Amino acid sequence: MAPAHRPAPPPPAAHEPAGPLLTMAGITKSFPGVRALDGVDLDVVAGEVHCLLGQNGAGKSTLIKVLAGAHQPDGGTIRWRGETVSLKSPIAAMRLGIATIYQELDLVEHMSVAENVFLGHERATGGFIRTGEARERTAELLARLGHPEIDPGTLVGRLSAAGQQIASMARALSHDVRLIVMDEPSAALDPDEVDNLFRIVAALTASGVAVVYISHRLEEIRRIGDRVTVLKDGRTAARGLDAHATPTRDIVALMTGRDVEYVFPERRAATGHPYPTGTDPDRPAPVLSVEGLARDGEFGPVGFRLHPGEILGLAGLVGSGRSEILETVYGARRPTAGRVLVDGRPLRPGSVTAAVRAGLGLAPEERKSQALLLLESVSRNVSLSSLPHFARAGWLNRPAERAGTLAATRGLSLRPDDPDRPVRTLSGGNQQKAVLARWLLRGCRVLLLDEPTRGVDVGARAELYALIRRLADDGVTVLLVSSEVPEVLGLADRVLVLREGQVVHEGEAAALDEHRVLDLVMSDGPGPVPVPASGRTATGKASATGKASVTEKTSAPEDTSAPTPRGDRP
């Protein structure tokens, strides 16, 4: 896509210095055993979008926490509007006009939008909160952000991911903000919502607000960015790069030492797929069969068959039913119609226990909240679904547990090679490897992967791509969901394209390209197209909108895919 066109930043006001709005020089920060920042430099000008890039573990998160006042630097200086400052707390940063919107949104789901927007600086008189005034002001902020349809009185937990992000932006703008840090703001958004996000960013910078934009999607940097700073291993690898003129090859090389962004392993079809898609008497029986599966208001009916070592990708917009299909196959949601079979035997509907016992494993979209025990060690997280294998007469054999998990994590090249390390200290890519290691340790035969590379840097992505392909080559069957169309097409053997919960296309991944997939998911045409007669069905109608509302979640899962089976769910 073409770069987003924005007016030039306004000149500084008479009371503001003409230099950078923010200057961070020689910032250092160490944690026990780790030097997270080793002399990082960053300067940001009013009214610009300054993109901060780097692999997981490069120091981006630590740097923005220093800027937000959540971490205190060990050394270096911070200058704000020409004056040296000390950011002792997030409140101190906010009072200066620095707001941070984290990837993991820090909203209170059981409070209203207005209550979240003014949380910590409530409008009150004599100890009584002026609720009406807060709602009016929140409505003004939502209208400024292009979403007047969001009701300030709605509970945040009822909003979609895009709606929650809008609420978080409104909270930032409720202060006299001059700089906003956005950490992976587009990670959970569909293309239409990303376009609206960029419109909001353009409006903010046009008014003189600076934006520090963190993303692993380099194509977004081209569209929205002005300048780029690249971090690597806690140091500044480059600063002040032109976001439009600097070649992608150069940026990736600065981040990783390689010069390509997507490195997909060779698809077996290129050398002769061992399991051709047509009728073949030598083809093994399907491992996973889904027949007429449906949930009212969410998706279906949908059907497909997967053979050993096959990767099936589900492509579609946020809200198209991709994740809901995975969770229903896994038993975390009870279907209203249809059935799931493993090796020809039906699974009990809505039973995570039955699915896991049959050899299914889910790596959910939100690994931190749905898959990992962040305060526990890598070893305990990996062994969680296999603890009975390491227990005798009610006693856990810890040496055997540790040895088993160490073998699983080393097989996936999880780093650092320390099973006793708290899993929360790992990078996004290594946390995902810990989730995969859990299921491989259990002997999982069908992997359900929901956004496997979300929040994962360019270098770790290549490792995960190679790992997924290697698992498939070893006979593991994979059902893959990703918002990144190139990822689906680069990894999958076959692809189902979904729109509004219905399959609108099924075919070989090699026969599709990104533009064709986007045409299918965003088309205003009729509903599902016929699919080949292979025991798979897809019928029903698709709406003309092709996207989900930001004001309401598509649904709430009945089970959030916890790390271990927690019994059957209704």
Side-chain angles (χ1 to χ4, degrees), residues 103-105 109 157 160-161 164 184 187-189 288 295 298-299 311-314 316 318-335 340 350-356 358-374 376 378 380-382 384-386 412 423-424 426-442 444 446-456 460-461 464 467-468 471 476-484 487-488 491 498 553-569:
Q103 182 179 0
E104 309 288 340
L105 298 178
E109 291 194 348
S160 68
Q164 290 184 5
E184 296 283 356
L189 306 184
L288 178 69
R295 269 182 63 89
E298 292 182 3
F299 67 86
I311 301 178
L312 176 66
L314 303 184
V318 173
S320 63
R322 304 165 309 171
S323 297
E324 289 81 0
I325 290 173
L326 253 66
E327 292 172 357
T328 305
V329 169
Y330 185 62
R333 297 171 186 252
R334 182 182 292 274
V340 177
S351 172
V352 172
T353 301
V356 172
L360 273 65
L362 173 68
E365 179 179 5
E366 301 294 340
R367 57 180 170 267
K368 289 185 178 180
S369 60
Q370 297 178 338
L372 296 171
L373 303 177
L374 295 177
E376 295 288 345
V378 172
R380 179 48 48 87
N381 273 275
V382 171
L384 209 50
S385 65
S386 304
L412 302 185
V423 77
R424 64 181 172 81
L426 302 182
S427 67
N430 284 297
Q431 287 181 347
Q432 189 68 286
K433 288 181 182 180
V435 177
L436 297 179
R438 170 188 302 154
W439 295 119
L440 297 181
L441 179 63
R442 186 178 172 86
C444 172
V446 180
L447 268 178
L448 311 176
L449 305 180
D450 196 353
E451 302 287 0
T453 63
R454 172 167 292 175
V456 174
R461 278 187 186 188
L464 286 173
L467 173 60
I468 293 168
L471 293 174
V476 176
T477 300
V478 179
L479 184 57
L480 168 74
V481 165
S482 175
S483 297
E484 300 193 28
E487 188 167 277
V488 174
L491 285 174
L498 296 162
K553 286 184 176 178
T554 54
S555 74
E558 297 166 11
D559 182 298
T560 55
S561 306
T564 52
R566 295 180 295 174
D568 301 341
R569 292 292 182 265

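Keep in mind that this is a model prediction, so the values were computed, not measured.
Taking all atoms of both residues into account, the shortest heavy-atom contact from L362 to W439 is O-NE1, 3.0 Å. In terms of heavy atoms, L374 sits closest to Q431 at CD2-NE2, 4.4 Å. Smallest separation of non-hydrogen atoms from P452 and L480: CG-CD1, 3.5 Å. Between P335 and R295 the shortest heavy-atom distance is CA-CG, 3.8 Å. Considering every non-hydrogen atom in both N381 and L373, the closest pair reads OD1-N, 2.7 Å. Among all heavy-atom pairs drawn from A371 and R438, the shortest one is O-NH2, 2.8 Å.
How far CG of L449 is from CG of L471: 8.5 Å, rounded to the nearest 0.5 Å. The CD atom of E327 sits 6.5 Å away from atom CD of Q370, with the distance rounded to the nearest 0.5 Å. Annotation: the span from F299 atom CZ to L314 atom CG amounts to 10.5 Å, rounded to 0.5 Å. To the nearest 0.5 Å, atoms CD1 (I468) and CG (L447) are separated by 8.5 Å. Note that CG of L326 is 5.0 Å distant from CG of L448, once rounded to the nearest 0.5 Å. Atom CZ in R333 sits 10.5 Å away from atom CD1 in I325 (nearest 0.5 Å).
Annotation: side chain of E376 is not in contact with side chain of L384 (no heavy-atom distance under 4.5 Å). The closest side-chain heavy-atom distance from L288 to L312 is not below 4.5 Å. Contact of the K433 side chain with the L464 side chain is registered, since non-hydrogen atoms from C-beta on lie closer than 4.5 Å.
Of the N and O atoms on the side chains of E484 and T453, not one donor lies less than 3.5 Å from an acceptor on the other residue.
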Original post:
Between V435 and L372, is a side chain to side chain contact (heavy atoms under 4.5 Å, CB included) present by the stated rule, with each step listed?
Top reply: CA-CA 7 Å; V435 177; L372 296 171; 3.7 Å; yes
Original post:
After noting the C-alpha distance and the side-chain angles of R322 and E451, does the key distance pass the salt bridge (charged side-chain N to carboxylate O under 4.0 Å, His left out) rule?
Top reply: CA-CA 10 Å; R322 304 165 309 171; E451 302 287 0; 3.7 Å; yes
